[in-house]
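Step one of this worksheet: look at the structure below.
One-based numbering along the sequence shown.
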Amino acid sequence: MKKVLVCITIQQNSKRLMDKGKEVATEFGAELHVLHIRMGATIFDTPTSHQLFEELFAYGSEIGGEVHFLCSSNVTKTISDFIKENKISHLVVGSTSQNASTVLEELQRKIKSLDEIIVVERAKV
């Protein structure tokens, strides 16, 4: 069975990534997984984190996804391990900072089992 993983940040814009993941999952009859990895020990580092966390969790569940929130000091390794452990076939990520590009390049080198990596461009404002 195909599995789609959407990597998100705790931002309202992440709903676009989840929508793309849902689209890909529907196309392939795949399971949908949504993953947020927070650097450090907690995801609740700002006053609005809790509310946005709840919104994204609810939205991901509403569109049929299994939502995962993890804390780690090594984001790339955690994503890589998640992909391997869950036999993910398609990865959906957003086009963002240089740091995120470095993570994506490292994942492409480490994970050869992915059928496809889909990079969603930022919304034009």
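For the atom pair CD1 of Ile111 and CG of Leu91, the computed distance is 9.0 Å after rounding to the nearest 0.5 Å. How far CG of Leu52 is from OG of Ser14: 7.5 Å, rounded to the nearest 0.5 Å. To the nearest 0.5 Å, atom SG of residue Cys7 and atom CE of residue Met18 are 12.0 Å apart. For the atom pair OG1 (Thr78) and CG (Leu70), the distance works out to 7.0 Å, reported to the nearest 0.5 Å. Note that CD of Glu66 and CG of Leu35 are 11.0 Å apart. Values are rounded to the nearest 0.5 Å. One distance of note links NZ of Lys3 with CG of Asn86; it measures 5.5 Å at 0.5 Å rounding.
A parallel orientation is assigned to the rings of His68 and His33, their planes being inclined by less than 30° (bins at 30° and 60°). Using cut-offs of 30° and 60° on the angle between ring planes, the pair Phe53 and Phe69 is perpendicular.
Within the 4.5 Å cutoff, the side chain of Leu32 has heavy atoms near those of the Ile63 side chain. With a 4.5 Å cut-off on side-chain heavy atoms, Val67 and Leu56 do not count as touching. At a threshold of 4.5 Å between non-hydrogen side-chain atoms, the residues Val93 and Leu17 do not count as touching. Residues Leu5 and Phe82 have side chains in contact (heavy-atom distance under 4.5 Å, counting atoms from C-beta outward).
Each of Ile117, Val34, Val6 was scored for a side-chain contact (heavy atoms from CB on, under 4.5 Å) with Val92, with one residue passing: Val6.
Here the closest non-hydrogen pair linking Ser72 and Ile37 is CB-CG2, 3.9 Å. Heavy atoms only, all atoms of each residue included: Lys112 and Gln108 are closest at NZ-O, 3.4 Å. Shown here for Gly29 and Met1, the closest heavy-atom pair between the two residues is O-CE, 3.4 Å.
Counting non-hydrogen atoms of other residues, nucleotides and ligands closer than 6.0 Å to NZ of Lys20 gives a total of 12 or fewer.
Between the side chain of His36 and the backbone N or O of Ile8 there is at least one donor-acceptor pair closer than 3.5 Å.
Of the charged side-chain nitrogens involved, at least one lies within less than 4.0 Å of a carboxylate oxygen, so that Lys77 and Asp81 count as a salt-bridged pair.
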